[in-house]
**Student:** 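My structure is below; once you've seen it, I'll send some questions.
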Amino acid sequence: MPDYARLSRSDDGRVKLEYSKDGKERIALWEPFGVGVFETIFDKDGAVLFQNLLYNQGNKQSMIEGLLKKHLDSVNIDKATRTEYTEVKLKKKCPGCGAMLLERVIDLKDDPNVPVMPIYVCSGCKTRSYYLSDAYLEHLLKTNESLFSQEERSYMDSNKTGFVDELKEYIIRIFASKRIMRIK
């Protein structure tokens with residue numbers, strides 16, 4: 001049984017489940033988006049651990065209800081308290097102005113095979129920034145191995161820490177060239 005489970009719904013169809021299970025606090029969010037549903041799992045501080053665009057040809061709300069039920073079952077939650085919907089906020093300071101006003105922006109590319117980077121905009125100074133948790137980077141590596149060459153995969157297998165550190169450096173350079181700041 002979870003320590004707590006809270007379920008909320010927004011007026012525009014988003015469904016959020018906040019819960020604590022086995023000492024870990026998580027937030028699961030399902031949002032109708034374009035051609036499907038955008039599913040995101042956050043830690044207690046609002047950092048993205050997992051996100052995925054799930055394509056749907058049918059009713060998005062029905063799909064969200066199915067995803068919610070599947071998630072409730074997977075974490076063994078049978079009852080959740082209904083609460084008022086609030087946005088998930090990243091509990092980090094804006095790298096531009098230092099304010100705690102970061103809002104997530106879903107920035108999807110045309111190619112569904114390209115992983116989605118968690119992007120934020122400060123509602124105060126409008127600075128665009130990104131935050132890449134180690135857990136999300138690990139998830140990206142596991143689920144996108146086909147994007148790496150055999151040589152890169154061998155390096156990853158033999159020196160995971162070195163590979164991850166090198167990958168972080170590339171990501172920092174790419175975003176710096178686009179003038180998107182890193183959230184620390």
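Numbers for residues simply follow the sequence, beginning at 1. This one's a predicted model, so the numbers in the text were calculated from it and none came from an experiment. Excluded from the calculations below are hydrogen atoms, water molecules and symmetry mates; all remaining heavy atoms, backbone and side chain alike, are included.
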**Student:** Would you indicate whether the side-chain heavy atoms of Y120 and C122 approach each other to under 4.5 Å?
**Tutor:** no
**Student:** Do V15 and L67 have side-chain heavy atoms sitting under 4.5 Å apart?
**Tutor:**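 Counting from C-beta outward, V15 and L67 never come under 4.5 Å.
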**Student:** Could you report the tightest heavy-atom contact between V75 and K21, atom names first, then the distance?
**Tutor:** O-CE, 3.0 Å
**Student:** Begin with the C-alpha distance, continue with both residues' side-chain angles, and end with the deciding distance and a verdict on side-chain contact (heavy atoms from CB on, under 4.5 Å) for I171 and L137.
**Tutor:** CA-CA 11 Å; I171 291 168; L137 184 55; 4.2 Å; yes
**Student:** Are F50 and W30 in one and the same hydrophobic cluster, where Ile, Leu, Val, Met, Phe, Trp and Tyr link if side-chain heavy atoms are under 4.5 Å apart?
**Tutor:**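 Hydrophobic grouping puts F50 apart from W30.
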**Student:** Give the intermediate values and the outcome of side-chain contact (heavy atoms from CB on, under 4.5 Å) for residues Y130 and I172.
**Tutor:** CA-CA 10 Å; Y130 75 96; I172 289 169; 3.2 Å; yes
**Student:** For residues V164 and L140: do they belong to one hydrophobic cluster (side chain heavy atoms under 4.5 Å, members Ile, Leu, Val, Met, Phe, Trp, Tyr)?
**Tutor:**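 Yes, because V164 and L140 connect within a single hydrophobic cluster, where side-chain heavy atoms sit under 4.5 Å apart.
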**Student:** Which distance, rounded to the nearest 0.5 Å, do you find between the CD of E152 and the CG of L147?
**Tutor:**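 That separation rounds to 9.5 Å.
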**Student:** Could you name each residue pair satisfying salt bridge (Lys or Arg N to Asp or Glu O under 4.0 Å) that touches residues 52-73, not counting sequence neighbours?
**Tutor:** R9-E65, K69-D73
**Student:** Given L7 and L68, is the side-chain contact (heavy atoms from CB on, under 4.5 Å) satisfied, shown in steps?
**Tutor:** CA-CA 10 Å; L7 180 66; L68 170 62; 3.9 Å; yes
**Student:** Can you find a pair of side-chain heavy atoms, one from R182 and one from F175, that are under 4.5 Å apart?
**Tutor:** no
**Student:** Would L90 and L101 show up in the same hydrophobic cluster when neighbours are defined by side-chain heavy atoms closer than 4.5 Å?
**Tutor:**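 No, separate clusters.
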**Student:** Nearest heavy-atom pair of M100 and K91: which atoms, and what distance?
**Tutor:**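 Smallest heavy-atom distance, with atoms named: CE-C, 3.7 Å.
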**Student:** Please tell me whether E18 and Y4 have a donor and an acceptor in their side chains that are separated by less than 3.5 angstrom.
**Tutor:**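 Result is no, nothing qualifies.
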**Student:** Please tell me if the side chains of E145 and R153 come closer than 4.5 Å, counting only heavy atoms from C-beta onward.
**Tutor:** yes
**Student:** Under the criterion side chain to side chain contact (heavy atoms under 4.5 Å, CB included), which of I119, T127, I183 is the partner of L102?
**Tutor:**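 Considering I119, T127, I183, a side chain to side chain contact (heavy atoms under 4.5 Å, CB included) with L102 is found only for I183.
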**Student:** Ignoring hydrogens and angles, tell me if any N or O in the side chain of S133 forms a donor-acceptor pair with the backbone of V48 under 3.5 Å.
**Tutor:**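 At least one qualifying donor-acceptor pair exists.
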**Student:** Minimum heavy-atom separation for S62 to N59, with atom names?
**Tutor:** N-OD1, 2.8 Å
**Student:** May I have all residue pairs that pass salt bridge (Lys or Arg N to Asp or Glu O under 4.0 Å) and include part of residues 28-48, sequence neighbours excluded?
**Tutor:**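 Checked against salt bridge (Lys or Arg N to Asp or Glu O under 4.0 Å) - neighbours excluded - the pairs reaching residues 28-48 are E31-R104.
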**Student:** Under a plain distance cut-off of 3.5 Å, with no hydrogens placed, do K16 and S10 share a side-chain donor-acceptor pair?
**Tutor:** no
**Student:** Could you go through the side-chain contact (heavy atoms from CB on, under 4.5 Å) check for D12 and Y85 one step at a time?
**Tutor:** CA-CA 11 Å; D12 63 356; Y85 185 87; 6.0 Å; no
**Student:** Do E138 and K142 meet the salt-bridge criterion of a basic N to acidic O distance under 4.0 Å?
**Tutor:**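 No, K142 and E138 are not salt-bridged.
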**Student:** How about I41 and H71: do any of their side-chain heavy atoms sit closer than 4.5 Å?
**Tutor:**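 Yes; the side chains approach each other to less than 4.5 Å.
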**Student:** Tell me, do L49 and Y136 make a side-chain contact under 4.5 Å, heavy atoms counted?
**Tutor:**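 They are not in side-chain contact.
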**Student:** Could you state whether I180 and Y170 fall into the same hydrophobic cluster, counting links through intermediate Ile, Leu, Val, Met, Phe, Trp or Tyr residues with side-chain heavy atoms under 4.5 angstrom apart?
**Tutor:**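 Looking at the clustering, Y170 is in a separate group from I180.
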**Student:** Which of parallel (below 30°), tilted (30 to 60°) and perpendicular (above 60°) describes F38 and F33?
**Tutor:** tilted
**Student:** Just to verify, which of Q150, E166, K160 counts as forming a side chain to side chain contact (heavy atoms under 4.5 Å, CB included) with Y155?
**Tutor:** E166
**Student:** Starting at SG of C97, measure out to NZ of K126 and round the result to the nearest 0.5 Å.
**Tutor:**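 Spacing of SG (C97) from NZ (K126) equals 10.0 Å.
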**Student:** Look up atom NZ in K89 and atom OG in S123, then write down how far apart they are to the nearest 0.5 Å.
**Tutor:** 5.5 Å
**Student:** Should R14 and P32 count as side-chain neighbours, where that means a heavy-atom distance under 4.5 Å?
**Tutor:** yes
